[in-house]
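One structure is given here, and the rest of the page talks about it.
From a predicted model like this one, the values you see are computed outputs, not experimental measurements. Just so it is clear: chains get the letters A, B, ... in the order the sequence lines come, proteins before strands, and each one is counted from 1.
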Amino acid sequence: MTANDSPSEDGTPNEERDQSFAVDVEDVLEDGMLDETDSGSQGLFDDLLSGEPIFENKEVLRPSYTPHELPHRSDQINKMATILVAALRGETPSNILIYGKTGTGKTASAKFVSQELEQTSKKYDVPCEVEYINCEVTDTQYRVLAQLANKFIEQNEAHVERRLSDLADLREAVEEGVTAAEATPFEDIGGIDSRVDELEGELEDMEPVPMTGWPTDRVYKEFFEAVDYRERVVVIMLDEIDKLVEKSGDDTLYNLSRMNSELDNSRVSIMGISNDLKFTDFLDPRVKSSLGEEEIVFPPYDANQLRDILQHRADIAFEDAALTDDVIPLCAAFAAQEHGDARRALDLLRTAGELAERSQSEHVDESHVRKAQDKIELDRVVEVVRTLPTQSKLVLFSIILLEKNGVHNVNTGEVFNIYKRLCEEVDADVLTQRRVTDLISELDMLGIVNAIVVSKGRYGRTKEISLSVPIEETEAVLLADSRLSEIEEIQPFVQARFDN
DNA sequence: GGTCCACCGGAAACCGCGGAGG
DNA sequence: CCTCCGCGGTTTCCGGTGGACC
């Protein structure tokens, strides 16, 4: 449905704000209930606000939420920690490559570990930083480098400004009579001033990299210098790293992985996160070996593990006793069928809760979960159909027209005839039957239609095609396409053909 | 058993397009 | 700037096929 529900792993850093916001909403809910009993007047929203609230904090169920505990991932987390602890000793940690399908907790675990790492580094005052980049959003070498460069330039600026204010304090102290030599390495105020000038000069040089326009090697140089500006260990987290390689090759990774040999002050370590287990096949062997020094695999969750995860989050997300007992096992079972995707399971649970809320029932029960499953499935289909290429839409529409006229298990020939006529109607070029059979097979792969080859003996051999999605909704989506919306007159034609 | 329908699906050629490279 | 190459989508060509019917 909306963009919010799309399964993107965007790392929006405003969870805390969202949570506090969610709490405010709950407060409003309470107030609303009181007001209603007082005044007795029924406004538009009063109905919706009345009744028991089901959610206590819905944000916990959203994909962007980073949990503080990740059940069944302690092995992976510990392994990451044992590798990254080198950073806290000032050594370079090995590069890490993390594999796992969507919704197996890769990003969440990695973010959790990096938060811990940064906190610990502050505690012991070891300079160590983690930079997160989502390569699906930042998908070219230039953008990756520019983003990193700007992050570090910004930090360096802050660092220099801090030093400047320290020096200003010091200058004051010296003027008040403390001998400079006692407190500082500077001999007198003149020494401090010249150091201030020096730093201000450096500050001048730190300009951010523009989002476009520079040659890539200049951006690289800029990034390199920003990182090497002072002593530290930097962990670069590249999420969806397979997307980056797919779209812009392995140059970026090559450059990043050989940086260490040229850096004087700092150390860089790369942490790649990939959905695709085989993506290293496309890499330069040198990059492959340096990047995959350590590999961590995140296997899909099974139904029991999913149940733990859901239980864990549901405790926070829902009001006490808002869920009936079978809700969580059912969500877990559904999601386990879908390759153990935890995000999917959480989505299901949240949608079930929303449906319950909307229908104003006091509990979330099994029926809501089933409805939620249907709704998510429908949303998926709508999305797939909506983004289909025009030719495929025409083919699908032909099948729908036939189906609507009571022809089930249509064969390729019939579909092709209708399709041809449709093409004339909307002024699209007509593809060959050969090609149309391929399109039908694609629709089959997407689960929109079901096509099996059957032999009708004497009367040939063909695909029997039947629709496997709800007719009305799908048709509505197709008609929403500007090119297909003009079709209306085709109905009599199908009828005529059918009469033959 | 042979025929033959009506399409399947592999192979290869073709065609426009965009991007790398001269 | 032009040229060439690779690529995805498409067309052309064609051999293949399971089983109802003769």
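Across all strands shown, A:V436 has no heavy atoms under 4.0 Å from either base or sugar-phosphate atoms.
In this structure, A:E231 places its CD atom where only 12 or fewer heavy-atom neighbours from other residues, nucleotides or ligands lie under 6.0 Å away.
One finds no side-chain N or O of A:T412 lying less than 4.0 angstrom from the OP1 or OP2 phosphate oxygen of B:dC7. The shortest distance between the side-chain N/O atoms of A:R435 and the OP1/OP2 oxygens of C:dT10 is below 4.0 Å. Within the 4.0 Å cut-off from OP1 or OP2 of B:dG9, at least one side-chain nitrogen or oxygen of A:K463 is found.
Atom-to-atom, CD of A:E414 to C1' of B:dA6 comes out at 12 Å; the value is rounded to the nearest Å. Rounded to whole Å, atom P of B:dC5 lies 16 Å from atom CG of A:N411. One interatomic measurement links the two molecules: CD1 of A:I452 to P of C:dG18, which rounds to 15 Å at whole-angstrom precision. As a whole-Å value, the separation of A:E464 CD from B:dC7 C1' is 13 Å. For the pair A:Y142 OH and B:dG19 P, the computed distance is 18 Å after rounding to whole Å. For A:F416 and C:dT10, the CZ to P distance is 13 Å, given to the nearest whole Å. Spacing between atom CG of A:D429 and atom P of B:dG16 amounts to 12 Å, rounded to whole angstrom units. The interatomic distance linking A:L431 (CG) with C:dT11 (C1') rounds to 10 Å, in whole Å.
Ring-plane geometry between A:Y229 and A:H159 is classed as perpendicular, the angle between the planes exceeding 60 degrees on a 0 to 90 degree scale with a lower cut at 30.
The side chain of A:T462 sits closest to B:dC7 out of C:dT11, B:dC4, B:dC7. Distance from the side chain of A:R458 is smallest to C:dC22 among C:dC22, C:dG18, B:dC7. Across C:dT17, C:dT11, C:dC22, the shortest atom-to-atom separation from the side chain of A:R461 is found for C:dT17.
For the residue pair A:T107/A:D239, the side-chain donor-acceptor check at 3.5 Å is satisfied.
Each of A:Y459 and A:D438 has a nearest nucleotide on DNA chain C; the 5'-most of these lies closest to A:D438. Comparing A:K456 and A:V453 against DNA chain B, the residue whose closest nucleotide sits nearer the 5' end is A:K456.
A cation-pi arrangement is present between A:R73 and A:Y301, with the terminal nitrogen or guanidinium carbon under 6.0 Å from the aromatic centre and inside a 45° cone about the axis. Both tests pass for A:K111 against the ring of A:Y132: distance under 6.0 Å to the centre and angle within 45° of the axis.
Checked by distance alone, A:R434 brings a side-chain donor or acceptor within 3.5 Å of a matching partner on the base of B:dG9.
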